[in-house]
Amino acid sequence: MSDVGHATLATPTDGGTWRSPADRPLRLDSGAVLAPLEMAYRTYGTLNADKSNAVLICHALTGDQHVASTHPVTGKPGWWTTVVGPGLPLDPERHFIICPNVIGGCMGSTGPASLDPRTGKPYGLAFPMITIADMVRAQAMLVESFGIETLFCVVGTSMGGMQVLQWAADYPERLFSAIVVAAAARHSAQNIAFHEVGRQAIMADPDWRGGAYELEGVRPEKGLAVARMAAHITYLSETALQRKFGRELQRDGLSWGFDADFQVESYLRHQGASFVDRFDANSYLYITRALDYFDLAASHDGVLANAFLRARNVRFCVLSFSSDWLYATAESRDIVRALNAAGCRASFAEITTDKGHDAIFLEEPALDSALRGFLASAAEKRGLA
């Protein structure tokens with residue numbers, strides 16, 4: 001299904017599911033093969049005549065293709081409506097924007113909840129392990145299906161930023177520019193530790209049923225909610241938590257029990273409860289594992305700069321947030337140093353904010369300004385201005 005020619009936001013025709021040809025399965029780093037492969041996606045804007053204005057947006061761990069559209073499950077606005085939309089840095093009046101759901105996801109792309117063609121039942125834990133490189137390989141197939149040879153820009157936040165780095169390493173000839181927001185070139189021990197807590201919470205839920213919960217008509221909602229609660233703490237800074245909640249109580253006086261006495265407890269419980277309505281537990285296991293496996297330098301003789309040696313013609317923008325401790329500024333600086341060592345053109349900015357990792361999705365004038373400036377410069381060089 002092609003969506004070229006649609007210029008409005010949030011209409012049903014601006015999305016679809018692409019299915020790989022029978023003779024083009026997706027070969028995974030694990031050695032397994034996914035066939036058929038399905039990729040759910042959304043598009044915004046119009047692809048120009050020479051197909052030079054295409055932008056690919058790569059989403060974060062719990063994101064999906066509904067970057068600037070009303071979410072069909074929750075009814076809430078898209079996850080990046082501060083950046084994508086008319087008059088915003090990524091504007092469908094200027095750009096043809098593609099946002100796919102990653103493989104392993106649960107919003108239409110092939111993942112653990114998809115039917116295994118060998119059995120006719122949901123994959124569950126029979127789904128093969130995936131990597132960030134596998135996600136990018138699938139995205140490259142989708143982009144190719146539009147007839148797009150070179151993307152004007154590939155943009156990603158958090159896990160999406162890791163996908164951008166993988167794009168630059170694997171497909172530099174297909175990129176004109178790249179934007180990496182609040183990401184890292186590999187997962188740290190702390191990141192892996194938080195993910196393991198979340199995975200163990202899911203697998204400890206009696207309703208997980210060894211990953212076969214769909215066949216048994218149950219869902220490990222409690223375990224998935226706890227996983228989300230633990231992860232959500234990492235998205236906020238200590239300052240943001242204190243400013244928003246402090247030690248404020250939910251009601252007058254203490255309950256002298258284990259109800260949510262503090263507002264911060266109630267907030268986390270709400271985050272967990274609302275998450276289970278839109279996300280699949282097995283997808284959470286697989287995608288967090290893909291993140292943990294990510295180490296871009298490892299496949300390039302342990303030298304990160306080597307990953308970018310073929311990307312010298314790509315223009316890079318790397319952005320970080322001063323209060324982000326999930327993917328700290330030091331990790332962004334490591335990326336920039338590697339890009340410089342490889343001879344790549346890279347601009348970098350640390351955005352001062354106390355909002356933590358969540359600053360990605362909030363009103364942040366400095367982020368808006370940085371994105372506008374970089375995209376305008378790249379558009380001029382590309383001949384899109």
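Taking hydrophobic clusters as Ile, Leu, Val, Met, Phe, Trp and Tyr residues chained together by side-chain heavy-atom distances below 4.5 Å, Phe194 does not share a cluster with Leu326. The cluster map of Ile, Leu, Val, Met, Phe, Trp and Tyr, joined by side-chain heavy atoms under 4.5 Å apart, puts Met107 and Ile57 in different clusters.
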Apply side chain to side chain contact (heavy atoms under 4.5 Å, CB included) to the pair Asn191 and Leu291, showing each step before the final yes or no.
CA-CA 9 Å; Asn191 298 145; Leu291 273 166; over 6 Å; no
If you apply the rule side chain to side chain contact (heavy atoms under 4.5 Å, CB included), what do you find for Asp64 with Trp79, and how did you get there?
CA-CA 8 Å; Asp64 51 43; Trp79 56 267; 4.1 Å; yes
Output, in order, the C-alpha distance, side-chain angles, deciding distance and verdict of side chain to side chain contact (heavy atoms under 4.5 Å, CB included) for Thr288 and Leu61.
CA-CA 7 Å; Thr288 57; Leu61 165 59; 4.0 Å; yes
For a side-chain hydrogen bond (donor to acceptor under 3.5 Å, both in side chains) check, start with the C-alpha distance between Tyr123 and Thr110, then their side-chain angles and the critical distance, and finish with the verdict.
CA-CA 10 Å; Tyr123 277 103; Thr110 303; over 6 Å; no
Please evaluate residues Thr353 and Glu364 with respect to the criterion side-chain hydrogen bond (donor to acceptor under 3.5 Å, both in side chains), reporting the C-alpha separation (whole Å), side-chain torsions for both, the decisive distance (0.1 Å), and the verdict.
CA-CA 8 Å; Thr353 176; Glu364 195 61 65; 3.1 Å; yes
Walk me through whether Glu350 and Ser322 qualify under side-chain hydrogen bond (donor to acceptor under 3.5 Å, both in side chains).
CA-CA 6 Å; Glu350 180 188 46; Ser322 59; 5.2 Å; no
Apply side chain to side chain contact (heavy atoms under 4.5 Å, CB included) to the pair Lys51 and Glu149, showing each step before the final yes or no.
CA-CA 8 Å; Lys51 301 183 178 182; Glu149 294 184 0; over 6 Å; no
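Side-chain N or O atoms of Asn48 include one that pairs as donor or acceptor with a backbone N or O of Ser52 at under 3.5 Å. Put simply, the side chain of Asp324 never gets that close to the backbone of Gly356: no donor and acceptor are under 3.5 Å apart. Between the Ser114 side chain and the Gly111 main chain, a donor and an acceptor come within less than 3.5 Å of each other. In this structure, the side chain of Arg382 does not engage the main chain of Ser377 through any donor-acceptor pair within 3.5 Å. Between the Ser145 side chain and the Leu142 main chain, a donor and an acceptor come within less than 3.5 Å of each other.
By the 6.0 Å contact criterion, NZ on Lys244 is enclosed, its count of non-hydrogen atoms from other residues, nucleotides or ligands being greater than 12. Counting heavy-atom neighbours within 6.0 Å of Asn313 CG, excluding the residue itself, gives a total of 12 or less. The number of heavy-atom neighbours closer than 6.0 Å to CD of Glu216, taken from other residues, nucleotides and ligands shown, is above 12. Within a 6.0 Å radius of CD in Glu238, other residues, nucleotides and ligands contribute 12 heavy atoms or fewer. Counting non-hydrogen atoms of other residues, nucleotides and ligands closer than 6.0 Å to CZ of Arg251 gives a total above 12.
Judged by the 6.0 Å distance and 45° axis criteria, Arg289 is not positioned over the aromatic ring of Tyr286. Annotation: cation-pi geometry not satisfied between Arg219 and Tyr213 (NZ/CZ under 6.0 angstrom from ring centroid, within 45° of ring axis).
Screening Leu371, Leu88, Thr157 for a side-chain contact (heavy atoms from CB on, under 4.5 Å) with Val83, the sole residue that qualifies is Leu371. When each of Glu248, Gln250, Gln271 is tested with Ser266 by the rule side chain to side chain donor-acceptor pair (under 3.5 Å), just one qualifies, namely Gln250. When each of Val180, Leu165, Val164 is checked for a side-chain contact (heavy atoms from CB on, under 4.5 Å) with Val154, only Val164 meets the rule.
Nearest approach of Pro92 to Pro86, heavy atoms of both residues: CD-N, 3.8 Å. Contact between Ile130 and Tyr293 at its shortest, heavy atoms only, is O-CD1, 4.5 Å. Of all heavy-atom pairs spanning Ala133 and Asp170, the tightest one is CB-OD2, 4.3 Å. Listed here is the closest heavy atom pair of Leu115 and Pro122: CD2-N, 3.7 Å. For Arg42 against Gln65, the heavy-atom pair with the smallest separation is CG-O, 3.2 Å. Between Met229 and Leu268, the shortest heavy-atom contact is CG-O, 3.1 Å.
For the pair Thr43 and Phe96, the minimum side-chain heavy-atom distance is below 4.5 Å.
Sequence neighbours left out, the pairs with a member in residues 179-205 that pass salt bridge (charged side-chain N to carboxylate O under 4.0 Å, His left out) are Glu196-Arg199, Arg199-Asp292.
Once rounded to the nearest 0.5 Å, the distance linking OG1 of Thr74 with CZ of Phe279 reads 13.0 Å. To the nearest 0.5 Å, the span separating CE on Met129 from CG on Leu125 amounts to 9.5 Å. In this structure, CD1 in Ile360 is found 8.0 Å from CH2 in Trp80, a value given to the nearest 0.5 Å. Here Leu375 contributes atom CG and Asp91 contributes atom CG; the two are 10.5 Å apart, rounded to the nearest 0.5 Å. Met135 CE to Cys58 SG: the interatomic distance, rounded to the nearest 0.5 Å, is 10.5 Å. Note that OG of Ser109 is 8.5 Å distant from CD1 of Ile103, once rounded to the nearest 0.5 Å.
Classified by interplanar angle (parallel below 30°, tilted 30° to 60°, perpendicular above 60°), the ring pair Trp167/Tyr171 is tilted. Under the 30°/60° scheme for interplanar angles, the aromatic rings of Phe176 and Phe152 are found to lie parallel.
For the residue pair Glu38/Thr17, the side-chain donor-acceptor check at 3.5 Å is not satisfied. For Asn101 and His66, the side-chain atoms include no donor-acceptor pair closer than 3.5 Å. One side chain, Asp261 or Ser255, offers a donor N or O that lies under 3.5 Å from an acceptor on the other.
Every residue two or more places apart in sequence or in another chain was checked for a side-chain hydrogen bond (donor to acceptor under 3.5 Å, both in side chains) with Asp259, and none qualifies.
A centroid separation of less than 6.0 Å is found between the aromatic rings of Tyr41 and Phe146. Taking the six-membered ring where the residue is Trp, the centroids of Phe262 and Phe245 are separated by 6.0 Å or more. The aromatic ring centres of Tyr235 and His232 sit less than 6.0 Å apart. Checked against the 6.0 Å centroid threshold, Tyr327 and His357 count as a close aromatic pair.
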Name each donor-acceptor pair under 3.5 Å that joins a side chain in residues 20-29 to protein atoms two or more places apart or in another chain, with its distance.
from, atom 1, to, atom 2, distance (Å)
Ser20, OG, Leu37, N, 3.1
Asp29, OD1, Arg137, NH2, 3.0
Asp29, OD2, Thr131, OG1, 2.7

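Between Glu214 and Lys121, no side-chain nitrogen of the basic residue sits less than 4.0 Å from a carboxylate oxygen of the acidic one, so the salt-bridge criterion is not met. Taking the charged nitrogens against the carboxylate oxygens, Lys355 and Asp358 have no contact shorter than 4.0 Å, which rules out a salt bridge.
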